[in-house]
Amino acid sequence: MAGKILLAGGAGYIGSHTYLALVAAGFEVIIFDNFVNSHPSVTERLAEISGAPVTCVTGDVRDSAALDRLFAEHDIAAVVHFAALKSVADSVKDPLGYLDNNLGGLVTLLAAMDRARCRNLVFSSSATVYGIPDETPTPETAERRAMNPYGRSKIMCEEVLEELATADPGWAFGILRYFNPAGAHPSGLIGEDPKDVPNNLMPFVAKVAIGEIAQIKVFGNDYPTPDGTGVRDYIHVEDLARGHLLSLQSLLSTGQGHVVNLGTGKGQSVLDVINAYSAACGQDLPFVFEARRPGDVPIYCAQTDLAKSVLGFETEKSLADMCESSWHWVTSQAHLKRP
Ligand code: NAD
Ligand code: UD1
């Protein structure tokens, strides 16, 4: 296959699963990561799963010189750009840091790609760009109006990519708006590994299941949803990883960019998640209803037609698969010695 694929932020949760999908499809892949939110040991685990050595370069996407060296040493056909900070709460406390890392990192990376004449990039965007959407399931044409610095950094990144593609049609961008990634690889060797108390539902539920946290706090039971709790479109991280493979293949074969939602099109409530996880771990998980979380949206759900028609993407895995693989990952983790 002509040219390697660079995964910026490839040691993280979604990047590590995408690494495996790309290697399985025959791509030669390089991980570039500063490990601000991941651990170098992930590369050993990826080598164990894939049965082949992993090429990983430690570095920051805001470091032009490091990127120039990388592009000089490797023939890189395309980049998948995962490297970003993703905590909404931290972004409110440190908007400048989020702009520097998320927007500054993208601009520095694009400039290095331009110098190296590498013009294909898949970008990790988020459903958060829709703010409180007028329509659910939400189509890609919905207005972008994020409500916090993290979400706004994603909108700004999308705008930079659009402006660049307009200025020079030689660029091809795959903008992927993920809904709620969940689950883990079936090996139990890689998964989501938050460093602090998790903000997101699925990793929080996992911590309760494993006994590290006493009970789940359900933020709001008075939403206009079937059971009153928040509804989200949870997508298995392995389905999401395959979405990146299809996006890359489309960019490389057509030279045309795309902006697509990656979700299942099916909404699941907080109570649905608790019930599915309880079934996966074989115990009824304790929960308590609390006030709504400020800034929360009642329902997020993807319109999925475009991902299907443009990329041929459809999800294969269920909420039960997400919970079972997550449970396997957290129980395996408990037995693995972390360096
Ligand atoms: P993650 O934190 O697990 O992975 C991000 C990786 O990027 C980490 O390994 C981190 O060390 C690295 N990184 C961050 N800043 C860097 C920098 N300046 N230079 C080099 N490496 C850097 O997060 P994830 O869940 O895998 O998310 C990947 C991408 O998807 C992010 O852009 C995130 O905003 C986006 N996204 C995630 C979700 C989600 O729920 N996980 C939802 C929508 C969008
Ligand atoms: C959050 C972020 C969003 C980001 C996404 C994926 C906020 C306001 N939004 O979205 O920008 O793109 O994560 O990283 O932080 N819930 C509980 N108890 C918990 C945690 C969550 O009841 O302990 C509920 C929430 O109210 C929501 C659902 O579970 O209804 C999912 O929450 P979460 O996993 O945080 O994802 P999002 O709210 O979709």
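As the structure lists them, so they are numbered: ligands from 1, and atoms in each ligand from 1.
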Could you walk me through whether H244 and Y178 pass the ring pair (Phe, Tyr, Trp, His ring centres under 6.0 Å) check? CA-CA 11 Å; H244 292 76; Y178 314 153; 5.2 Å; yes
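- One finds a salt bridge joining K86 and E192 here, because a Lys/Arg side-chain nitrogen approaches an Asp/Glu carboxylate oxygen to under 4.0 Å.
- Classified by interplanar angle (parallel below 30°, tilted 30° to 60°, perpendicular above 60°), the ring pair W171/F173 is parallel.
- D239 and T315 share no donor-acceptor pair across their side chains, judged by distance under 3.5 Å alone.
- With K86, E290, R293 as candidates, the residue nearest to atom 32 (O) of ligand 2 on a non-hydrogen basis is R293.
- Near N199, with a cut-off below 4.0 Å to any heavy atom, the atoms of ligand 2 are 20 (C), 35 (O).
- Shown are R144, E158, R177; of these, the side-chain hydrogen bond (donor to acceptor under 3.5 Å, both in side chains) with S125 is made only by E158.
- Nearest protein heavy-atom neighbour of atom 12 (O) of ligand 2: S126 OG, 3.3 Å.
- Of the protein's non-hydrogen atoms, V88 CG2, 3.6 Å is the one closest to atom 2 (C) of ligand 2.
- Listed by chain and number, G9, A11, G12, Y13, I14, D33, N34, F35, V36, N37, S38, G59, D60, V61, R62, F82, A83, A84, K86, N101, S124, S125, S126, Y150, K154, Y178, P181 each place a non-hydrogen atom less than 4.0 angstrom from ligand 1.
- Residue contacts with ligand 2: N148 is placed with no nitrogen or oxygen under 3.5 Å of a nitrogen or oxygen of the ligand (distance criterion only).
- For atom 28 (C) of ligand 2, the choice among Y234, F204, Y150, F219 with the nearest heavy atom turns out to be Y234.
- Close approach of ligand 2 to K217 is summarised as follows: ligand atoms under 4.0 Å from at least one heavy atom of the residue are 17 (C), 18 (N), 19 (C), 22 (O), 23 (O).
- When only modelled atom types and interatomic distance are considered, Q303 and T138 share no side-chain donor-acceptor pair under 3.5 Å.
- Y277 and S326 share a side-chain donor-acceptor pair at under 3.5 Å.
- Ranked by closest heavy atom to atom 21 (C) of ligand 2, the top entry among L201, T128, V129 is L201.
- Looking at atom 39 (O) of ligand 2, its nearest protein heavy atom turns out to be R232 NE, 2.6 Å.
- The OH atom of Y223 lies 11.0 Å from the CD1 atom of I299; values are rounded to the nearest 0.5 Å.
- Distances shorter than 4.0 angstrom do not occur between any heavy atom of G151 and any atom of ligand 2.
- Between the side chains of S247 and H258, a donor-acceptor pair is found at a separation under 3.5 Å.
- Ranking the protein heavy atoms by distance from atom 30 (O) of ligand 2 puts G230 CA, 3.4 Å first.
- Only the side chain of V270 comes within 4.0 Å of ligand 2, judged by heavy-atom distances.
- We find that D100 and R62 are joined by a salt bridge, their nearest charged nitrogen and carboxylate oxygen being less than 4.0 Å apart.
- Against a heavy-atom cut-off of under 4.0 Å, V218 is close to the following atoms of ligand 2: 22 (O).
- Using modelled atom types, one finds no donor on one side chain facing an acceptor on the other under 3.5 Å when comparing N275 with S278.
- Side-chain atoms of H81 and S124 form no donor-acceptor pair, as typed in the model, at a separation below 3.5 Å.
- No side-chain donor-acceptor contact under 3.5 Å links N221 and T229.
- Of all protein heavy atoms, the one closest to atom 36 (O) of ligand 2 is N180 ND2, 3.2 Å.
- Of the listed residues (V197, D296, I299), the one carrying the non-hydrogen atom nearest atom 8 (C) of ligand 2 is D296.
- For the ring-ring contact (aromatic ring centres under 6.0 Å, His included) test, no residue two or more places apart in sequence or in another chain qualifies with Y98.
- Looking only at heavy atoms of the protein, atom 5 (C) of ligand 2 is closest to N200 ND2, 4.0 Å.
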